[in-house]
Structure formats: structure tokens, C-alpha cells
Amino acid sequence: MDYTFSEIEKKWQDRWEKEQTFRAGDDRSKPKFYGLVEFPYPSGHGLHVGHPRSYTALDIVARKRRLEGYNVLYPIGWDAFGLPTENFAIKNHIHPKKVTADNIANFKRQLKSIGFSFDWSREINTTDEAYYKWTQWIFLQLFKRGLAYKQEMPINWCTSCKVGLANEEVVNGVCERCGSEVVQKNKSQWMLKITEYAQRLIDDLDGLDFIEKVKIQQKNWIGRSEGAEVDFAIAGTEDHVTVYTTRPDTLFGATYMVLSPEHPFVEKYKDKIANYAEAVAYREEAARKSEFERTELAKDKTGVMLDGLRAINPVNGRELPIWISDYVLMSYGTGAIMAVPAHDERDWEFAKKFGMPIIEVVAGGEDVQAAAYTDTSSGVMVNSGFLDGMQVKDAISAIIDDLEKRGIGHRKVNYKLRDWVFSRQRYWGEPIPLVWCEHCGWVPLPEEQLPLTLPEVDNYEPTDNGESPLAKMTDWVNTTCPKCGAPAKRETDTMPQWAGSSWYFLRYIDPHNSEALADKELLDYWMPVDWYNGGMEHTTLHLLYSRFWYKVLYDCGVVPTPEPYQKRTSHGMILGENNEKMSKSRGNVVNPDDIVASYGADTFRCYEMFIGAFDQATPWSANGVKGCFRFMERVWNLMELLTDEEGYSPELEGTMHKAVKKVSEDIERMKFNTAIATLMSLVNDFNRRGKVTRGELATFLLLLNPTAPHITEEMWERAGFAGLLSAASWPTYDEAKTVDDEIEMVLQINGKVRGKMTVPADISREDAQTAALANEAIVAQTTGKQIAKVIVVPGKLVNIVVK
RNA sequence: GCGGAUAUGGCGGAAUUGGCAGACGCGCUAGAUUUAGGUUCUAGUGGGCAACCCCCGUGCAGGUUCAAGUCCUGUUAUCCGCACCA
């Protein structure tokens with residue numbers, strides 16, 4: 001009988017939809033499982049083969065959990081606001097709303113063709129008014145708690161298109177579209193105070209089951225460092241400049257100071273700075289560079305010494321020259337550093353280039369004139385007054401105590417994490433629900449006026465002065481102050497795409513609620529998300545942003561737990577056949593539709609899981625897909641080997657119990673490739689023996705079902721098993737039956753395999769040693785040699801050491 | 001630069017604790033079946049050797065150990081992220 005996968009898959013997909021097989025239930029007495037995957041951005045390119053890697057993995061987990069008796073929530077939706085849609089709309093004169101609807105329809109068709117067990121009744125879309133009403137509501141909570149504020153921030157500005165650009169749209173310092181120069185332009189932007197949550201975002205990671213690299217990456221991104229702020233007096237003034245340093249112990253080694261080119265002192269003391277014009281020119285040059293370029297260590301250090309401005313080292317009264325240089329960033333610390341070239345690589349390079357003195361203050365390294373001595377953990381202080389002779393650790397405490405006593409410095413914890421720039425000068429995003437009133441300042445819209453909808457207009461193209469396209473829509477912009485009733489203007493910037501995706505997992509719980517973002521009791525039942533899988537590239541932005549929002553909602557009493565995701569795992573990228581990232585320009589893109597059409601969804605799902613280690617990048621292979629298709633055919637042909645015996649036959653009993661154990665454990669560890677390998681071996685065993693019993697087939701179909709749901713349902717039905725396979729129970733195994741009575745032990749001489757012997761599994765050390773020494777192969781090779789030692793590893797091997 | 005990872009046959013990968021390196025799949029070779037084969041089945045397949053024995057073999061160089069893909073030291077190469085892409 002032919003394996004007619006397209007008919008079979010259509011049949012079961014229709015059946016599941018009709019019977020609502022995968023709808024999350026209301027039975028709150030059952031244990032719940034909330035599995036989450038990152039909802040897609042519905043781009044015009046359609047589904048990428050990378051999406052199903054994540055979706056199939058958690059689909060397998062979700063299906064297994066249902067078979068294990070859990071009430072499972074496995075939802076999907078659309079993260080539909082965004083730049084590409086807006087740019088496509090502008091270019092082709094189609095409204096972004098229409099573009100979005102078309103793209104979603106296509107994505108939905110594709111996802112359905114793969115047979116994911118999503119609860120489609122909970123589908124959400126971040127661009128729906130009923131959805132973004134609550135995105136706006138959350139923003140208002142942030143605003144009311146003082147976590148949203150306005151600040152001048154630089155944006156990328158294309159001098160020719162006269163439009164703000166995303167970093168991605170800036171390629172080598174020029175505009176991606178027109179090739180013109182891009183400069184940094186200051187604009188007042190809404191900011192969210194994620195830094196206020198920095199410590200909690202670090203601390204609360206401890207209780208979570210996140211893969212270690214995610215935790216490490218988040219911690220490094222937040223970048224907590226302990227150090228001190230120290231005031232350096234400006235010579236000839238009452239003023240001082242404050243620096244942040246993690247190495248206050250090296251204060252005696254400071255030989256100059258460096259300010260960020262944007263540091264306010266450059267303006268403040270422009271009259272004292274003889275070469276002010278040169279400094280301004282340098283600052284303008286720096287403005288053209290991205291932060292990435294500026295901090296690159298490999299590049300040549302540049303800078304300008306401020307002629308006429310000098311600082312005084314508070315510990316020894318020495319006068320220090322003040323420089324500006326672009327490797328010092330205004331956005332970190334205080335925008336000013338003390339330079340200790342002997343013990344900091346960047347300072348050392350700078351000092352070498354500009355002939356600044358290098359003074360050793362920690363002894364124990366090589367010659368500091370030849371290279372900076374930075375890892376000073378075993379060093380001892382020298383040339384440092386009262387610190388001399390101390391260990392670095394003690395010196396840090398001693399110097400800070402001294403500075404604090406004198407009132408010119410104090411301990412300070414800094415975070416690399418910066419506040420979240422929340423404004424976008426774009427049309428296709430959530431409007432920010434605030435009104436500017438001359439009398440009252442920024443006034444939030446009353447909650448009953450939400451959602452503040454995006455005006456439906458024909459012209460959503462960028463303005464030529466850097467304002468959002470909404471700024472041109474005067475009917476919409478001009479309003480009255482909700483507080484005093486005077487004429488007022490709406491905020492015209494919109495929210496970034498991150499907004500809608502920062503809380504979407506909450507909406508799935510109660511997607512149609514018009515009174516709250518979700519019902520409290522339902523939140524109590526379903527939260528936290530039990531298992532969230534997504535890409536590593538989201539670790540430092542989306543994952544951190546959504547943890548931040550969730551914590552704010554927790555502080556507001558809206559959600560029941562301090563953390564949203566109990567478990568976070570991550571999948572590797574699928575590369576093109578040539579081992580490069582898939583992209584249109586490289587011509588190595590694989591379309592999921594083609595695979596489903598040629599081989600079926602089950603083969604596609606199976607291959608996506610068999611392709612390689614789940615957490616690692618792997619190239620696509622057309623031949624690999626064929627291999628999985630052959631596996632499906634061999635599975636299908638098992639029907640011809642089916643006998644009417646119930647249960648497992650004795651010769652395969654151990655194999656069956658081992659397979660159940662292996663597949664069950666492998667799915668939990670996301671070792672999908674080895675789970676499938678086990679199932680392939682099982683089919684080989686059935687074929688080798690020329691039959692499969694009903695009991696064996698039933699177990700096999702259950703184990704394969706999460707991976708290949710259609711073919712297994714069909715075979716389940718044809719074999720006459722009761723009900724839907726999706727409603728059956730996951731098989732169990734007997735640990736005792738996974739252990740063999742007899743095992744093969746390896747015999748080694750000096751660590752090299754020289755023979756094998758079959759012995760009872762529970763053989764004692766002594767018996768194993770005796771049997772090994774009596775073994776023919778061993779006797780032959782040990783005769784005439786002296787046995788120095790015999791090592792027995794029970795159940796594994798005997799190693800005989802001879803001289 | 002900072003941060004995160006990876007390196008095993010011709011290829012994707014396997015090897016939960018240090019204990020038979022190469023499971024499973026692809027590809028390849030030979031044979032069988034088939035009107036045909038880009039179908040299916042059987043056997044073989046890390047390298048060296050005619051062959052058993054044996055020797056070599058997990059990026060590279062050292063080390064620890066009865067035993068190292070796995071642990072330690074050093075080193076090289078590649079990939080991913082870097083805050084307005086999602």
C-alpha cells in the first residue's frame with residue numbers, strides 16, 4: 001500500500017481542527033503545562049525553515065505532555081508591527097495593514113500545513129486594536145510609576161532621505177537605501193528605566209531553569225561592576241569632574257584623564273580651552289562613528305588634549321592633563337575616566353601613542369613600559385603612598401574608605417545595561433497614549449479611552465524633519481488635555497516592536513478579555529510559562545525586556561509570580577547547504593512549502609529534528625530529508641508485518657522498554673536526533689525479525705507520534721486501536737526490564753582493547769578478574785609478562801596492566 | 001573590541017559519570033530484484049596493510065591517568081550577538 005502522505009495529512013489536520021483536539025482545556029484540576037515559542041514576525045518572505053525547528057521541538061513536548069495527562073497550552077500569534085512591513089508598504093503603496101493581513105494569511109497556511117498542535121482559538125496579533133489596547137495600558141502603568149521619561153538621545157539620521165534609521169539600515173556608515181552619509185542626530189525620546197530593575201534581573205535568574213549560556217549572556221549584558229566614583233578637582237576652579245573606576249586601588253598610577261568628546265565640560269570650559277575648535281572638530285568626527293567602531297580595541301587610538309584644562313589627582317595632588325577621546329563613552333559610567341596606563345590596556349596604548357607617562361603601582365608583572373599589567377590578582381601595591389605593600393583587594397577597600405572619609409569619592413555599583421529607547425519615528429507601531437499640554441505637561445490618556453488607535457490614513461511616509469509620520473496628521477495630533485481641557489497635542493512617536501512582544505504570553509491565557517489583559521484566576525493557573533524555546537539572538541533584548549515588563553506588572557499586582565518563564569531553551573540556526581546563513585542574496589533559501597509538498601509534513605518535522613544537535617547550527621541537506629522520507633515509508637510498511645499478537649514478544653521486550661526510556665528522556669533533554677535514531681533502530685529490529693506485534697506497534701506509534709503525528713494517527717486507526725492516538729496515554733517502562741541479564745565486558749591490556757567476554761550482568765569484581773585472566777586472548781598476550789595491576793570497572797571492562 | 005559558542009569519517013552527527021570512538025542517517029562500493037531506475041533489498045564502508053595480527057586516529061602542542069573526544073595548560077581556526085532588524 002502506498003504512503004499517500006498528502007491525503008493522510010489533510011485528513012488528520014481537518015479532523016483535529018473539527019474536534020478541537022488541541023484546545024487548552026478549562027479543567028483547572030489537571031496539572032497544567034504552558035509551552036511557548038517565539039511568535040513569528042509575519043514577513044513577506046513567508047516561513048523560514050528555522051521557524052519549524054523551534055515550533056516542532058515544543059510541539060513534540062506539548063504532544064507528549066498531553067499524552068501524559070497534562071492540560072496543555074501551546075499557542076501561537078503574530079508579532080506584526082515592524083519596519084520591514086512599513087518599508088514594503090511605502091515602496092509598493094499598499095497600506096501596512098493590508099500587507100500584514102496578507103502575510104499572516106500566508107504564514108497561517110504554512111504553519112497549518114505542518115500540523116502543529118497550536119490552540120488556534122487563542123491566536124493573537126499585536127496590531128489588533130483589542131491587543132494593543134493592553135500594550136498601551138501597560139505603558140501607562142510604566143509611566144505612572146515613573147519608569148518612562150523623556151531624554152535627548154542620538155538617532156541615526158540619513159542626511160539625504162531625511163529620516164531616522166535603524167542600526168540595521170546603516171551599512172558602513174551610509175544609508176542602506178541611498179548610500180548617503182548617516183550622522184548622529186539628537187532627538188528627545190521616550191525611555192524606559194530598565195536599569196532600575198538591573199539588580200533584580202540578575203538576582204532572579206538564580207531560581208530559573210534557563211540554559212547556562214542564556215544566564216551568562218544576560219548577566220554580562222547587564223554588566224554589573226563594583227567600583228568607585230572619585231572626584232578630581234579642576235585646577236584653578238572650585239569645580240570637579242567625577243570619574244567611575246573599577247580599580248580605585250590604582251589611583252596613584254593615574255597620569256592623565258580622558259573625557260568623552262560629548263562630556264559637558266568641553267562646553268562649560270570652552271573659554272579656558274585654547275584649542276576648543278580642534279576639540280569640537282574631533283567631537284563631530286566622533287559623532288559619525290558608531291559606538292561599536294569607537295570602542296574597538298584594535299583600532300588606532302585618537303584624541304585631543306584640552307589645552308588649558310587640568311585636573312588634580314586627589315591622592316597626591318599631581319596635576320594631570322585632560323584629553324578627550326572617543327573610546328570613552330558618555331553612556332557608561334560618568335563619561336570620564338582616570339587613565340592608569342600601567343594597568344589598563346586601552347590607557348596603555350593611548351599613553352604610548354601620545355607619550356604620556358606610565359607609572360607602575362602594582363608590582364608583580366612584567367615591565368609596564370613594555371605592556372600593561374592587567375591581571376593583578378597576585379600583585380602588591382607600590383608607588384602608592386599609604387597603600388604600599390597591600391594586596392590589590394585590600395587596597396581597594398582602604399582607598400575607598402579614605403576617599404569616603406574625605407568626601408571626594410564613594411563606592412558605586414555600575415551596570416552596563418542602559419535604559420530602553422522606546423520611541424520610534426515610524427507609523428507602523430502602537431501610538432504612545434500621552435498628550436502634551438502646555439499647562440499640565442505630559443498627561444496620560446484615561447484608561448477608558450484606550451485603545452488610542454492608529455489613524456487610518458493614506459500617507460504614512462516619513463516626514464522630512466525626523467518627526468514621526470503621525471506628526472503630519474493634524475486632525476489626530478490636535479486634541480484637548482484630558483486633565484485641564486485646554487488644547488493639547490498627542491505624542492506622535494510610536495512604540496518599538498519590542499513592546500507587543502514583551503507581554504504576549506499573558507494574552508494567550510485569556511485572549512478575548514476586554515476588561516483586563518487577562519483574568520486574574522487564569523493568570524494564577526497558567527503562569528509562569530513552563531517552557532519557553534527561542535533563538536539565542538533574543539537573549540539580551542526581547543528576553544530581558546519581557547522579564548522587565550513582567551516584573552513591573554508583578555509590582556503592580558497584575559501577575560502572580562516574579563518571573564515569567566520557568567525554563568528557557570534555545571535552538572541553533574539552520575544554515576544553507578553551503579554552510580552559510582540562509583538568505584535570498586546567497587540563493588540558499590529552502591522553502592518549507594516545497595518540502596511539505598514533496599515529502600509531507602511528517603518527513604519535514606522528522607528531518608527538522610534529526611538534522612543535528614538541537615542547540616547547534618547545522619546546514620540543511622536535501623539528502624537528509626530523503627533519508628527521513630525513507631524512514632516514514634519503512635514505518636508505513638510496518639503495517640504489512642503486523643501480527644495479531646498482543647503485548648511485546650519476549651525477544652524484543654528489553655529493547656522495547658529501553659526504547660521507551662530512551663525516547664522519553666531524550667525528548668525532555670531536547671536530544672530529538674537521538675530519539676529518532678532510537679526509533680529508526682526499532683524499525684530495523686522489526687524488519688530484521690520480519691514481524692511486529694500489536695503491542696510493539698502501539699508503543700512505537702506513541703513514541704513517534706509527537707514527531708510524526710499524521711502517519712501515526714493513520715496507522716493507529718488502520719490497526720484498529722481505539723480512539724484518537726492524540727488522546728491515548730504515553731507508554732511507560734519497567735526499569736528492571738531495561739537491564740540485560742548478560743553483558744559484554746571489554747578486556748584491555750594497558751588500556752588497549754584485546755578481547756571481549758560475555759558474563760552475567762551482576763558478576764562480582766573478583767569473578768570478572770578471574771574470568772578475564774582466564775580468557776584465551778588475554779592468556780595469549782600476557783604469557784611471559786608480569787601483571788602489575790588489574791582494574792575492574794563493573795559492567796564495563798577489565799584492564800590488565802602488564803610490564 | 002566586548003560577550004557567547006563550536007572544532008570527531010567523504011557529509012550531518014552519536015558517545016548522560018574519564019572506560020569498546022564513529023550509534024542513527026546521508027553518501028559511496030559490490031551484489032540481488034525490477035521493463036526501467038534518481039525504486040527496494042542484502043553485504044561492506046575512519047586511515048594504513050594483499051590479509052589476520054598489528055599500527056595510527058576526535059583542530060594543533062604539551063600534561064595528568066591503568067584508561068582522555070571527555071580533565072588541566074597553552075594555541076589556532078570558524079560561527080553568532082552587540083542595544084532603532086526581528
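Quick note on labels: first sequence line is chain A, next is B, and so on, each numbered from 1.
Against the 90° criterion about 0, the sugar-base torsion of rG4(B) places it in the anti range.
Using a 4.0 Å heavy-atom cutoff across all strands shown, D79(A) reaches sugar-phosphate atoms only and no base atom. Using a 4.0 Å heavy-atom cutoff across all strands shown, E537(A) reaches at least one base atom of the nucleic acid. Among the protein residues, K752(A) comes within range of the sugar-phosphate backbone only, with heavy atoms under 4.0 Å from sugar or phosphate atoms but none that close to a base. Residue-level contact check: S423(A) touches the bases, meaning some heavy atom is under 4.0 Å from a base atom. As judged by a 4.0 angstrom heavy-atom cut-off over every strand, I155(A) is placed among the base-contacting residues.
Nearest nucleotide to the side chain of E633(A), out of rG12(B), rU40(B), rC55(B): rU40(B). The nucleotide whose nearest atom lies closest to any side-chain atom of Q189(A) is, among rC85(B), rC84(B), rG81(B), rC84(B). Looking at the side chain of L417(A), the nearest of the listed nucleotides rA83(B), rC84(B), rG12(B) is rA83(B).
Comparing rG1(B) with rU58(B), their P atoms sit 30 Å apart, to the nearest whole Å. Using C1' as the reference atom, rA77(B) and rA32(B) are 47 Å apart when rounded to the nearest Å. rA23(B) and rA43(B): their P atoms are spaced 15 Å apart (whole Å). Comparing the C1' positions of rA21(B) and rG81(B) gives a spacing of 34 Å, expressed to the nearest Å. If you take atom P in rA30(B) and the same atom in rU78(B), they sit 39 Å apart, rounded to whole Å. Separation of the P atoms belonging to rG27(B) and rG18(B) is 37 Å when rounded to the nearest angstrom. Taking atom P on both rC41(B) and rC52(B), the two are 29 Å apart, rounded to the nearest angstrom. Between rG38(B) and rA61(B), the distance separating the two P atoms is 44 Å to the nearest Å.
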What string of B, S and - do you get for nucleotides 14-30 of chain B, 5' to 3', when a contact is any protein heavy atom under 4.0 Å? SSBB-BB--BBSSS---
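Residue N220(A) places at least one side-chain N or O closer than 4.0 Å to OP1 or OP2 of rG4(B). R424(A) has a side-chain polar atom (N or O) that falls below the 4.0 Å cut-off from OP1 or OP2 of rC84(B). Residue K213(A) places none of its side-chain N or O atoms closer than 4.0 Å to OP1 or OP2 of rA5(B).
Here the P atom of nucleotide rC80(B) and the CD1 atom of I211(A) are 18 Å apart, to the nearest Å. Protein atom CD of Q218(A) is 13 Å distant from nucleotide atom C1' of rG4(B), rounded to whole Å. Rounded to an integer number of Å, the gap from K219(A) NZ to rC82(B) P is 22 Å. Look at CG on L747(A): it is 15 Å from C1' on rC66(B), rounded to the nearest Å. Put simply, NZ on K581(A) is 8 Å from C1' on rC80(B), counting in whole angstrom units. In this structure, NE2 of H538(A) is placed 11 Å from P of rC85(B), rounded to the nearest angstrom. The distance between atom CG of L541(A) and atom P of rG4(B), rounded to the nearest whole Å, is 16 Å. Here rC55(B) presents its P atom at 11 Å from CG of N750(A), a figure rounded to the nearest Å.
The number of heavy atoms from other shown groups lying within 6.0 Å of CD (E152(A)) is above 12.
The shortest non-hydrogen separation linking Y132(A) to T127(A) is CE2-O, 3.4 Å. Smallest separation of non-hydrogen atoms from S468(A) and R426(A): OG-O, 3.5 Å. Summarising the geometry of G612(A) relative to T618(A), their closest heavy-atom pair is CA-OG1, 4.2 Å, with the distance given to 0.1 Å. Closest approach of A80(A) to W428(A), counting heavy atoms only: O-NE1, 3.2 Å.
Using bins of under 30°, 30° to 60° and over 60° for the plane-to-plane angle, the ring pair W549(A)/F422(A) lands in the tilted bin. Ring-plane geometry between W420(A) and Y545(A) is classed as parallel, the angle between the planes falling under 30 degrees on a 0 to 90 degree scale with a further cut at 60. Taking the six-membered ring where the residue is Trp, Y332(A) and Y244(A) present perpendicular rings, their angle passing 60° and hence far from 30°.
Looking at E665(A) and K671(A), no side-chain N of the basic residue comes within less than 4.0 Å of a carboxylate O on the acidic one, giving no salt bridge. Ionic pairing of K219(A) and E212(A) is not present here: no N-O contact between side-chain nitrogen and carboxylate oxygen is shorter than 4.0 angstrom. Salt bridge absent: D347(A) and R247(A) never bring a charged side-chain N and a carboxylate O closer than 4.0 Å.
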Let's test your reading of the pairing rules: Watson-Crick or G-U wobble, both distances under 3.5 Å, then write RNA chain B as a dot-bracket string with ( ), [ ], | and dots. (((((((..(((......[....)))((((((.......))))))(((.....)))..(((((..]....))))))))))))....
Show your working on side chain to side chain donor-acceptor pair (under 3.5 Å) between D419(A) and T195(A) and close with a plain yes or no. CA-CA 6 Å; D419(A) 277 340; T195(A) 49; 2.7 Å; yes
